[in-house]
Structures are given as structure tokens and as C-alpha cells.
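Okay, so here's the structure we're looking at.
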Amino acid sequence: MSEVLNAEVTSSEEGGFSRRRVVKGVAWSVPVIVTAIAAPAAAASGVTEVYFPVPAAITLSGGNRPGTGPSGFTIKNTTGAQVTVSLSGSIIVTPTNAVHSTIAITAPAPSIFSTTTFNGKISTTTFTYAGVVPAGGTIHVPFGFRNTEDTGSNKPKKTDVDEYSLSMVLSNKPLSITGPTPSSLIVKYQV
């Protein structure tokens, strides 16, 4: 039977392409097509940094709680090409001394920052960001802070200073993204 099929294949090849030759050609071209489609995404990923900027002056609780902290986080494209970034994760605010309030993230862009949960005085705020960062450029994703002060014997006094550490955990961190390192947040009470 195979001799008959081979004979038919040989006679049909003389007049053009055989089905076997077409199938073979398609099988070899599929990996090439997949590679061509995947290459632009890999080339565009580049090395990108996510970081908290240097802490600057901030105000909490209607203006009577000054302090210092980051004004958001920054995404920096260190490549020579525009990069599409999709990040999701959490920003965690953790006390580093005996504090008098719980601090959480507030956002001018609520579509980026969604849920805040509390575990004692530690707050965790989830976020999702998607956007295009120009070649060699940066995008700043702003946020602020809100606090809930303790009452009773742990109520803040005028001389109290609360200190917190901000950290970010990226849940879908692409291999090409580095950072961020933790940042600090300091709240000074004025009564």
C-alpha cells in the first residue's frame, strides 16, 4: 500500500506540490511564525525599574499632621524603546516604632488602587497599573496617605513621631523589572 502511495506522491510532485510537501512546509513554518510574533514583545520588555521617589513633605489628617514620605511610585523605562507595562501588587505600610495611628494609602486615581486591608497597624493596599512608558522616560503613579489615630491612653501627643516602612510586592513581576526598595514615612503630631 505504501508503495502505491509513494508512487502517487511521486507522480503528483512532477506537476506541482504534493499534499505531503505542503503539510511538511506548514509544519516547519509554524515555529517561525510563532517566533516572529513573540520577538517584538520580548524586544519591548527591556529593563524597567519601579521605585519610590525620595521622601518629601506630606500632610495627613486635614493639615495638622506633617511628615515626610513618598508621593507615589515611579516606573522608569531604561531601554531605547517604548515599553508597555502591566503591574499589579501591594503596597504595605508597616510601623517601625511604637506608633499612635494606622496609616493607609489614598489615591487620586482610585482605578489603580483598589482594596486596603489591615492586620493590626499594618496596612496593605492592592493596585493594578497598565500603561505605556516612553523610551528612556518615567511615569509617576501618585498616592497619598490617610491615618486613623488611636484614642485613649495611646492617643498621640504633640511630641510624638511615628515611623513606618513602605514596601511593594509585585504579584506579576516580569523578569525584566527591578525594585522597588522600601521607603520611609514619618508622621509628626502637632495638637
Side-chain angles (χ1 to χ4, degrees), residues 45-78 83-133 137-191:
S45 65
V47 176
T48 304
E49 298 174 31
V50 178
Y51 60 91
F52 293 116
V54 175
I58 60 167
T59 303
L60 293 95
S61 293
N64 61 352
R65 304 289 184 255
T68 58
S71 59
F73 66 88
T74 302
I75 304 167
K76 180 179 181 182
N77 178 356
T78 58
V83 174
T84 300
V85 176
S86 178
L87 295 176
S88 61
S90 302
I91 297 176
I92 303 150
V93 181
T94 307
T96 58
N97 68 345
V99 298
H100 302 89
S101 62
T102 303
I103 305 288
I105 299 292
T106 61
S111 60
I112 294 172
F113 297 92
S114 53
T115 308
T116 299
T117 57
F118 297 93
N119 182 5
K121 298 237 185 250
I122 299 171
S123 70
T124 303
T125 304
T126 58
F127 69 91
T128 301
Y129 175 82
V132 175
V133 185
T138 60
I139 298 290
H140 184 70
V141 179
F143 59 73
F145 301 97
R146 66 179 162 87
N147 68 328
T148 304
E149 295 179 3
D150 292 344
T151 57
S153 63
N154 199 39
K155 183 178 177 175
K157 298 173 205 57
K158 190 174 183 177
T159 58
D160 288 337
V161 176
D162 289 356
E163 296 181 19
Y164 302 83
S165 174
L166 271 71
S167 58
M168 181 184 291
V169 176
L170 296 173
S171 55
N172 71 332
K173 180 179 177 180
L175 293 176
S176 60
I177 292 189
T178 59
T181 56
S183 183
S184 64
L185 170 67
I186 297 173
V187 180
K188 297 178 182 176
Y189 293 93
Q190 300 173 5
V191 181

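On a predicted model such as this, the values are computed, not experimentally measured, just so you know. Numbering of residues begins at 1 and proceeds along the displayed sequence.
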Quick check: closest heavy atoms across [X] and [Y], and the distance to 0.1 Å?
{"X": "I105", "Y": "V93", "result": "CD1-CG2, 4.4 Å"}
{"X": "L87", "Y": "I75", "result": "CD1-CD1, 3.9 Å"}
{"X": "P156", "Y": "E149", "result": "CG-OE1, 3.6 Å"}
{"X": "N97", "Y": "V161", "result": "ND2-O, 3.1 Å"}
{"X": "H140", "Y": "P53", "result": "CE1-CG, 3.8 Å"}
{"X": "K155", "Y": "D160", "result": "O-OD2, 4.2 Å"}

Look up atom [atom1] in [X] and atom [atom2] in [Y], then write down how far apart they are to the nearest 0.5 Å.
{"X": "T102", "Y": "R146", "atom1": "OG1", "atom2": "CZ", "answer": "9.5 Å"}
{"X": "I58", "Y": "S71", "atom1": "CD1", "atom2": "OG", "answer": "10.0 Å"}
{"X": "N77", "Y": "E49", "atom1": "CG", "atom2": "CD", "answer": "10.0 Å"}
{"X": "S101", "Y": "F145", "atom1": "OG", "atom2": "CZ", "answer": "12.0 Å"}
{"X": "L170", "Y": "I91", "atom1": "CG", "atom2": "CD1", "answer": "9.5 Å"}

Exercise. So do I92 and Y164 actually touch side chain to side chain, heavy atoms under 4.5 Å?
Worked result: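 They are not in contact (no side-chain heavy atoms under 4.5 Å apart), so the answer is no.
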Problem set entry | Within-4.5 Å side-chain heavy-atom neighbours: T148 and F118 |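 Contact flag for T148/F118 side chains = no.
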Can you see whether [X] engages [Y] through a side-chain donor-acceptor pair at a distance of less than 3.5 angstrom?
{"X": "S171", "Y": "S88", "result": "yes"}
{"X": "T138", "Y": "Y51", "result": "no"}
{"X": "T126", "Y": "S114", "result": "yes"}

For this session: Have a look at H100 and tell me which of N147, D162, D150 forms a side chain to side chain donor-acceptor pair (under 3.5 Å) with it.
Result: D162
For this session: Test T116 against every option in T106, T124, T125 by the side chain to side chain donor-acceptor pair (under 3.5 Å) rule and name the one that passes.
Result: T125
For this session: May I ask you to check whether F73 and Y129 place their ring centers less than 6.0 Å from one another?
Result: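 Between F73 and Y129, the centre distance exceeds or equals 6.0 Å.
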Exercise. Can you tell me if S183 uses its side chain to pair, donor with acceptor, with the backbone of L166 under 3.5 Å?
Worked result: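 Not a single qualifying donor-acceptor pair exists.
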Problem set entry | Step-by-step side chain to side chain contact (heavy atoms under 4.5 Å, CB included) determination, F143 to I112 | CA-CA 10 Å; F143 59 73; I112 294 172; over 6 Å; no
